[in-house]
Amino acid sequence: MRTTTDVEFRCGIVGRPGDEQVASVRRCLRERGVDPVHLDLSKFPARTALSLRDGVPWSPKPAGFARVRTWYVRSMPLPLPFFPGGGGRGADAGESGPQAAVERDRELRVAYAAGRERRSFGFSFLAALDRDGARLVNSPGTFAQHFLKLEQLRALRDAGVPVPSTLASNDPDAVLEFARELDGPIVYKPLAGGALCRRITAEDLRPERLRLLASAPVLFQEEIPGTDIRVYVVADEVAASYRIVSDRIDYRGAETAVLPTVLTPAEHDACRAAARACTMTFTGIDIRRRSDGGFALLECNPSPMFAAIERRTGADPVSRALADLLTHRRQPDTA
């Protein structure tokens with residue numbers, strides 16, 4: 001893909017142009033005199049032409065992506081869920097007739113198959129850029145952690161990072177035993193994301209509620225009381241940390257205040273260790289700080305949002321740290 005004469009430095013952004021994070025990083029790059037290449041995979045294949053030739057990103061145009069050395073990957077195609085099918089028994093069968101339901105089911109299957117092909121190619125294209133020597137922030141493999149929370153927790157635990165006691169199960173007896181052993185507040189949330197974290201109530205532990213586990217397993221965790229802290233690590237360094245004020249167990253969308261805060265040495269070291277354990281050059285980390293000074297790390301996000309916080313606080317340390325990384329002014333620790 002590259003030639004020895006290709007010495008011009010360029011960087012790129014993978015994501016939607018209207019995304020706030022994309023816009024903020026692009027602004028910081030342009031302040032540095034760099035106009036990034038933009039790859040919007042949501043436009044593929046209708047309005048973006050991409051090719052892999054023998055596993056290498058390829059273009060008949062002289063430049064193509066050959067000169068892009070570093071990419072900020074804001075968004076990428078993620079796996080589609082299993083197609084539920086319909087077998088011609090759609091909800092509209094009674095209204096439009098069985099033949100209309102069969103046709104609708106066929107259209108859904110065609111659309112699903114096309115989406116699966118787009119996602120397969122998009123993931124493979126970014127992985128090929130990574131293999132070809134470009135630095136991706138972050139690499140495609142880290143995005144799978146959105147859906148593999150248990151594997152991420154295992155990696156953090158193995159790295160010595162404090163995390164909440166956790167149970168994932170579809171077994172009502174196991175949930176009841178977990179609740180008895182903890183003898184304290186418990187929260188539950190999806191294993192693959194997509195919904196808010198909630199606190200378990202006595203009603204949730206009744207047999208009729210626990211029988212719902214027959215449909216899907218759930219992730220249960222001890223609730224860590226204390227203060228919500230959001231930390232951003234870029235290239236093995238803490239770029240920013242904020243205290244989130246909210247009256248909700250899951251603060252997303254319910255923040256009443258966002259205030260810069262200073263991490264303790266133990267929190268600082270744990271966040272750096274967590275980013276390394278999750279192999280993330282850039283990550284947004286959620287921790288809970290107890291009143292006694294202890295803490296637990298809840299999650300590392302491979303593509304966190306930060307623009308709203310920066311707009312709210314009037315400073316843009318994360319955007320600038322990413323721009324420095326993309327222009328090689330900030331180097332990740334390779335030790």
Side-chain angles (χ1 to χ4, degrees), residues 1 12-19 21-22 37-61 64-65 68 71-132 134 136-152 168 170 189-195 212-219 301-303 305:
M1 180 176 172
I13 299 176
V14 181
R16 296 175 182 268
D19 180 271
Q21 284 62 229
V22 169
V37 173
H38 203 98
L39 175 57
D40 183 1
L41 288 175
S42 71
K43 303 289 181 61
F44 175 79
R47 286 183 280 175
T48 300
L50 300 173
S51 300
L52 281 175
R53 184 167 178 170
D54 296 327
V56 177
W58 178 85
S59 172
K61 300 176 183 178
F65 293 108
V68 181
W71 293 89
Y72 164 45
V73 184
R74 165 58 184 153
S75 59
M76 64 173 293
L78 296 173
L80 285 169
F82 292 110
F83 184 72
R89 297 183 298 274
D92 59 343
E95 299 174 11
S96 304
Q99 186 57 43
V102 169
E103 179 62 23
R104 177 59 178 159
D105 189 55
R106 188 193 69 79
E107 292 172 356
L108 288 173
R109 289 178 180 275
V110 169
Y112 179 86
R116 185 177 58 186
E117 297 301 289
R118 290 194 299 270
R119 284 159 174 78
S120 176
F121 182 92
F123 188 98
S124 296
F125 189 85
L126 293 180
L129 290 174
D130 192 32
R131 285 194 309 273
D132 196 48
L136 270 62
V137 185
N138 282 303
S139 63
T142 63
F143 279 74
Q145 294 182 42
H146 274 304
F147 301 94
L148 299 172
K149 295 185 184 299
L150 295 176
E151 282 300 292
Q152 184 182 93
N170 71 328
K189 52 190 172 182
L191 289 159
L212 297 176
L213 292 171
S215 299
V218 173
L219 189 152
N301 190 317
S303 181
M305 292 188 289

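- Closest of all the heavy-atom pairs between A127 and P140 is N-CG, 3.6 Å.
- Between the NZ atom in K43 and the NE2 atom in H38 there is a gap of 8.0 Å [rounded to 0.5 Å].
- A pairwise comparison of heavy atoms in V73 and F143 identifies O-CZ, 3.4 Å as the closest pair.
- When atom types are taken as modelled, the side chain of R119 and the backbone of G115 share a donor-acceptor pair closer than 3.5 angstrom.
- Across all non-hydrogen atoms, the minimal contact from L126 to L41 is CD1-CD1, 4.1 Å.
- Atom CD of Q145 is separated from atom OG of S303 by 12.5 Å, given to the nearest 0.5 angstrom.
- In this structure, OH on Y72 lies 9.5 Å from CG on N138, to the nearest 0.5 angstrom.
- Of all heavy-atom pairs spanning L150 and A168, the tightest one is CD1-CB, 3.6 Å.
- Listed by chain and number, the residues in a salt bridge (Lys or Arg N to Asp or Glu O under 4.0 Å) with R74 are D19 (sequence neighbours excluded).
- In this structure K189 satisfies the salt bridge (Lys or Arg N to Asp or Glu O under 4.0 Å) test with no other residue, sequence neighbours excluded.
- The minimum heavy-atom distance linking H146 with P302 is given by the pair NE2-CG, 3.6 Å.
- No side-chain heavy atom of V218 sits under 4.5 Å from any side-chain heavy atom of L212.
- Between V14 and L136, the closest side-chain pair of non-hydrogen atoms is not below 4.5 Å.
- Interatomic distance, CG of L39 versus CZ of F125, reported as 6.5 Å (0.5 Å rounding).
- Taking CG from D40 and OG from S75, the interatomic distance works out to 7.0 Å, rounded to the nearest 0.5 Å.
- For the side chain to side chain contact (heavy atoms under 4.5 Å, CB included) with W71, the lone residue among V137, D130, L129 that qualifies is L129.
- Here CZ of R118 is found 10.0 Å from OG of S42. Values are rounded to the nearest 0.5 Å.
- P57 and L52 make their closest contact through N-CD2, 3.5 Å (heavy atoms, listed as atom of the first residue, atom of the second, distance).
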